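Following: one structure in structure tokens, then a few remarks.
Every chain is numbered from 1, with letters handed out A, B, ... down the list of sequences. Here the structure is a predicted model, which means the values were calculated and not measured.
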Amino acid sequence: MREKELRRSMAVFTIGTVMKLTDLTARQIRYYEEQDLIHPERNEGNRRMFSLNDVDALLEIKDYIAEGINMAGIKRIYEFKKVEKPLTNNKQKNNPALTDDDVRRILHSEFLSISGYNPGNKSNLIDPNRFF
DNA sequence: TTTCTGACA
DNA sequence: TGTCAGTA
């Protein structure tokens, strides 16, 4: 099914289209790119061109934001994904890699482990207040 | 018209 | 994040 993956990674949307698709503002989309959460391609005119994958990523990011996770937290999640995915793929070529559900589960525990109060630590990734 | 970057609130 | 400026 690599034909499908190929299409999903074809950059065909302008930021205007992505805005409608994701309900995000151009400002937010550009900011997420700055944070290395998405990597849209650029066309001849330096315009961002997004793929279906980018849109998916954006929708995912939107969910995390809605859940109260800040940029630092989301960045961690994405770093985590980048490292864990290839790792499990190498481990066993036949067995399916982590399912999205597995990732969710792992991310959840990861999330909980960094959600506690850390009074003296100003680098808190999650705002504790969101739990009240 | 649409999008881009940079900057300020 | 919103918004404004000056471009391409």
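- Positionally, the nearest nucleotide of DNA chain C for Met71(A) lies more toward the 5' end than for the other of Met71(A) and Gly45(A).
- Distances shorter than 4.0 Å separate some side-chain N or O of Arg42(A) from OP1 or OP2 on dT5(B).
- Here the closest heavy-atom approach between residue Asp54(A) and residue Ile38(A) is recorded as O-CG2, 4.3 Å.
- Judged by distance alone, with hydrogens and angles left aside, Arg48(A) brings no side-chain donor or acceptor close enough to the base of dT3(B) to form a pair under 3.5 Å.
- The pairing partner recorded for dT7(C) is none, the criterion being a Watson-Crick or G-U wobble arrangement whose two distances lie under 3.5 angstrom.
- In a base pair of the Watson-Crick type (N1 to N3 plus N6-O4 or O6-N4) or a G-U wobble (N1-O2 and O6-N3), with each distance short of 3.5 Å, dT3(B) is matched with no nucleotide.
- Set against dA7(B), dT5(B), dT3(B), the side chain of Arg27(A) has dA7(B) as its closest nucleotide.
- A close approach under 4.0 Å does not occur between any side-chain nitrogen or oxygen of Tyr31(A) and OP1 or OP2 of dC4(B).
- Checking the phosphate oxygens (OP1, OP2) of dC4(B), a side-chain nitrogen or oxygen of Arg30(A) falls inside 4.0 Å.
- Within 4.0 Å of Gly16(A), counting heavy atoms only, lie sugar-phosphate atoms of the nucleic acid but no base atom.
- The two atoms that bring Glu41(A) and Ser9(A) nearest to each other are OE2-O, 4.2 Å, heavy atoms only.
- The shortest distance between the side-chain N/O atoms of Thr14(A) and the OP1/OP2 oxygens of dT2(B) is not below 4.0 Å.
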